[in-house]
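One structure is given below, encoded as structure tokens.
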Amino acid sequence: MKIKILPIISALFLVVAIAIQAAVSYNREEKRLVNLIEDRMELAQKDFTYEVYDMYEVTDEIADFFPDFFEDTKELYSMLESILERFPDLYCCYVAFLPECAPEKGKRFAPSAFRECDNSVITYDFGDNVNYLKREWYIGALQSDDEGYWSQSYNDGDHEDPIFTYSRKVYNDDGKLIGVAGADYTLAWTEQMLKDFKPYDDAVCRLYSTKGTLIVESGNDDMDGMIVTEKTLSPTNMRLVIGVPKRHVFKTVRSLSLLALTILLMGILIAGWLIRRIWRDQENFARVETAKKLMEKELQIASNIQKGILRGKTQEIHLGTATNAESKKEAEVQAVLEPMHEVGGDLYDYYCKGEDLFFIIGDVSGKGVPAAMFMSATVNLFRSAVLRLQSPKAILEEINGVLSEQNPNLMFVTAIIGRLHLPTGQLQYCNAGHLPPLVDVTSSNGVRCLKEIALEPNIPLGLEGKFSFVEQSMLLEQGDCLVLYTDGITEARNKDHELLGMERWKEIVGGGKAPQRTSTTIERLLTEVKAFIGEAEQTDDITLLTIRMMNEI
């Protein structure tokens, strides 16, 4: 009798064990699935935030433009058009002035740049046709604080996709409110975003406005019987909802139950250990994959932010106003930075103040994100100091003092800062442990020679806050080209592990016919350096900065 009961007891024990295992598996799988959905939502928030940062940057650029535009409104339209060309997801940007602050007092004035369906950009004043004084984005911005106002999504008559607006107040130098700056974005990109972040093909993703209106969805199945998670995407308070069918949980649970049954037949203890190990590996793998994707996304954002810090690659320096027919091009500046990885530690910057051109080139010790952060800090310190100080020595010592104050990792920057007086060609410069610049000199009869500038052996920035730097000076003549660079060039290696070296670099700079434009010079230099490297990997950041004197002194 006992022998007959034993199989029944064993079967009941297995049924109870499988039922318990199935319940535990279901709860864990549901939790894992919810965590997966939440991870996708976090990635969606980062993508959304990245687009929002663009809108902040657009309105900041517009606000920083004032109050000089009334001297020439063409500059205002040119600035708006330039912004639209640099931000591909931006639909429209504009400034809506208070009627009492418009050029024609009491009339509406709203210059704007608008992207048409063929991606062309047009500029016009919509103040005559649109009573923006009653629009939500205009009233909301005036009633909000200086952080700005996010509008509800709405359909604009000129565009088939829903759009939303970020607007903020604009002040003049006296702190007087003069109008509202706005940036319009279409929501077309959100449809692709929802497709990218669906954890399964049969999942449903929906984006709702702050009023609960469905804006866009990916998958149109009913969400009844699904595992549903939602998140509010700040700062616009739009609501993202993701639903996953429960069959994905049951599918995994069934597989684990069959596996558990087989293992129970071989031994309950072995089965428990294996299941626990499988769960742990799955969770670790999902965590590692999510962390990897987040890190890649953050590195891409950091790379874009770092590129945005740098000035444009080419700039012609003029004296006099833009409307002065006798304005002369005194110098031409061109720069290029090619990082070894997504982010790097090389830096350059330049700024024209009055009749003086200030510039910096540098190389941060180390690689990766720490070097990129140190690089950004150095550029921002230079931009702040150059607005208040005149001599390269004073600028260099102020930057050095700040970098040395909190530097537990003993990071440092080799750099050269210079001040070029454009009418006379007088160059003042101060070195901080950087490589010596080269001057490509062209005489009046066309004969060229290359000179290496002698530098004082000052220490790099960030090592000793009270160090007194020695400033030097020289004179640049018409046609002279100042070439500054980092050690990513002189220490470049080819596939045979040969160094480019200083002598070969001098031959490259001094080779060929005298160029007529700096752009030709820097393109030739970079092309020849890359030709030397060939198929070998780039071993360091490569940075070049050239300044050519154009007019007679």
message: Run the side-chain contact (heavy atoms from CB on, under 4.5 Å) test on Val413 and Leu347 for me, step by step, so that the C-alpha distance in whole Å, both residues' side-chain angles and the decisive distance to 0.1 Å come before the verdict.
response: CA-CA 10 Å; Val413 186; Leu347 61 100; 4.2 Å; yes
- prompt: After noting the C-alpha distance and the side-chain angles of Ile417 and Ile399, does the key distance pass the side-chain contact (heavy atoms from CB on, under 4.5 Å) rule?
  reply: CA-CA 11 Å; Ile417 291 180; Ile399 296 173; 3.9 Å; yes
task: Walk me through it: do Leu461 and Phe412 pass the test side-chain contact (heavy atoms from CB on, under 4.5 Å)?
output: CA-CA 5 Å; Leu461 302 175; Phe412 61 88; over 6 Å; no
field: Steps toward side-chain contact (heavy atoms from CB on, under 4.5 Å) verdict (Met79, Leu76)
entry: CA-CA 5 Å; Met79 179 269 294; Leu76 176 56; 3.5 Å; yes
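Judged purely by distance below 3.5 Å, without hydrogens or angles, the side chains of Asp346 and Thr543 pair a donor atom with an acceptor atom.
Note that the CD1 atom of Ile547 and the CE atom of Met549 stand 9.5 Å from one another [nearest 0.5 Å]. Separation of atoms CD1 (Ile163) and CG (Asp184) is listed at 4.5 Å; rounding is to 0.5 Å. With rounding to the nearest 0.5 Å, the separation of NZ in Lys393 from CZ in Phe469 is 8.5 Å. The line from CD of Glu217 to SG of Cys205 is 10.0 Å long, rounded to the nearest 0.5 Å. Remark: Leu420 CG to Phe358 CZ distance equals 10.0 Å, nearest 0.5 Å. Taking CG of Leu337 as the reference point, atom CD1 of Ile542 lies at 9.5 Å (rounded to 0.5 Å).
Applying the side-chain contact (heavy atoms from CB on, under 4.5 Å) rule to Gln426 yields the partners His421, Thr424, Ser473, Leu475; only residues at least two apart in sequence or on another chain are considered. Partners of Glu136 by salt bridge (charged side-chain N to carboxylate O under 4.0 Å, His left out), not counting sequence neighbours: none found. For Lys169, there are no side-chain hydrogen bond (donor to acceptor under 3.5 Å, both in side chains) partners, not counting sequence neighbours. For Phe374, the ring pair (Phe, Tyr, Trp, His ring centres under 6.0 Å) test picks out no residue, with sequence neighbours left out. In terms of the side-chain contact (heavy atoms from CB on, under 4.5 Å) criterion, residue partners of Ala113 (sequence neighbours excluded) are, by chain and number, Leu80, Leu84, Cys93, Val121, Thr123. For Ser404, the side-chain contact (heavy atoms from CB on, under 4.5 Å) criterion is met by Asn400, not counting sequence neighbours. Tyr132 pairs by the ring pair (Phe, Tyr, Trp, His ring centres under 6.0 Å) definition with Tyr138, not counting sequence neighbours. Contacts of Ser82 classified as side-chain contact (heavy atoms from CB on, under 4.5 Å), with partners at least two apart in sequence or in another chain: Arg86. With sequence neighbours left out, Phe359 forms a ring pair (Phe, Tyr, Trp, His ring centres under 6.0 Å) with no residue at all. Under the side-chain hydrogen bond (donor to acceptor under 3.5 Å, both in side chains) criterion, Thr414 pairs with His434, not counting sequence neighbours. Taking the ring pair (Phe, Tyr, Trp, His ring centres under 6.0 Å) definition, one finds that Phe87 meets it with nothing, sequence neighbours left out. Applying the side-chain hydrogen bond (donor to acceptor under 3.5 Å, both in side chains) test to Ser167 and every residue at least two apart in sequence or in another chain returns nothing.
Between Ala181 and Ile62, the shortest heavy-atom distance links the atoms CB-CG2, 3.7 Å. A pairwise comparison of heavy atoms in Val130 and Arg108 identifies O-NE, 3.4 Å as the closest pair. Across every non-hydrogen atom of Leu526 and Leu544, the tightest pair is N-CD1, 4.3 Å. Looking at every heavy atom in both residues, Gln428 comes nearest to Glu471 through NE2-OE2, 3.0 Å. Closest heavy-atom contact between Cys481 and Thr546: SG-CB, 4.1 Å. Gln390 approaches Lys353 most closely through the heavy-atom pair NE2-NZ, 3.1 Å.
Remark: side-chain polar atoms of Asn458 are paired, donor with acceptor, to backbone N or O of Asn431 under 3.5 angstrom. Asp363 contributes no side-chain N or O that, together with a main-chain N or O of Thr486, makes up a donor-acceptor pair within less than 3.5 Å. Side chain of Asp541 to backbone of Gly345: a donor-acceptor contact under 3.5 angstrom is found. The closest donor-acceptor contact from the side chain of Ser391 to the backbone of Ala394 lies under 3.5 Å. No donor-acceptor pair closer than 3.5 Å links the side chain of Arg548 to the backbone N or O of Leu482. Judged by distance alone, with hydrogens and angles left aside, the side-chain atoms of Ser376 form a donor-acceptor pair with the main-chain N or O of Ala372 at under 3.5 Å. Listed for the Ser144 side chain is a donor-acceptor partner under 3.5 Å among the backbone atoms of Ala141. The main-chain N or O of Asp174 is found under 3.5 Å from a side-chain atom of Asn172 such that the two form a donor-acceptor pair. Using modelled atom types, one side-chain atom of Asp125 and one backbone atom of Gly127 make a donor-acceptor pair closer than 3.5 Å. When atom types are taken as modelled, the side chain of Glu398 and the backbone of Leu389 share no donor-acceptor pair closer than 3.5 angstrom.
Side-chain contact between Val170 and Ile178 is present, with heavy atoms from C-beta onward closer than 4.5 Å. The closest side-chain heavy-atom distance from Tyr429 to Pro392 is not below 4.5 Å. Counting heavy atoms from C-beta outward, Pro99 and Leu133 have side chains that approach closer than 4.5 Å. Side chains of Val228 and Glu230 form no contact here, defined as non-hydrogen atoms less than 4.5 Å apart. Residues Pro437 and Ile416 have side chains in contact (heavy-atom distance under 4.5 Å, counting atoms from C-beta outward). Proximity of Pro111 to Phe97: side-chain heavy atoms (C-beta onward) are separated by under 4.5 Å at one or more points.
Just one of Tyr149, Phe164, Tyr94 meets the ring-ring contact (aromatic ring centres under 6.0 Å, His included) condition when paired with Trp137; it is Tyr94.
For CD of Glu100, the number of neighbouring non-hydrogen atoms (other residues, nucleotides, ligands) closer than 6.0 Å is greater than 12. Heavy-atom neighbours of Lys134 NZ from other residues, nucleotides or ligands within 6.0 Å: at or below the threshold of 12. Residue Glu116 places its CD atom among more than 12 non-hydrogen atoms of other residues, nucleotides or ligands, all under 6.0 Å distant.
Ionic pairing of Asp60 and Arg168 is present here: one or more N-O contacts between side-chain nitrogen and carboxylate oxygen are shorter than 4.0 angstrom.
Under the 30°/60° scheme for interplanar angles, the aromatic rings of Trp150 and Tyr166 are found to be tilted.
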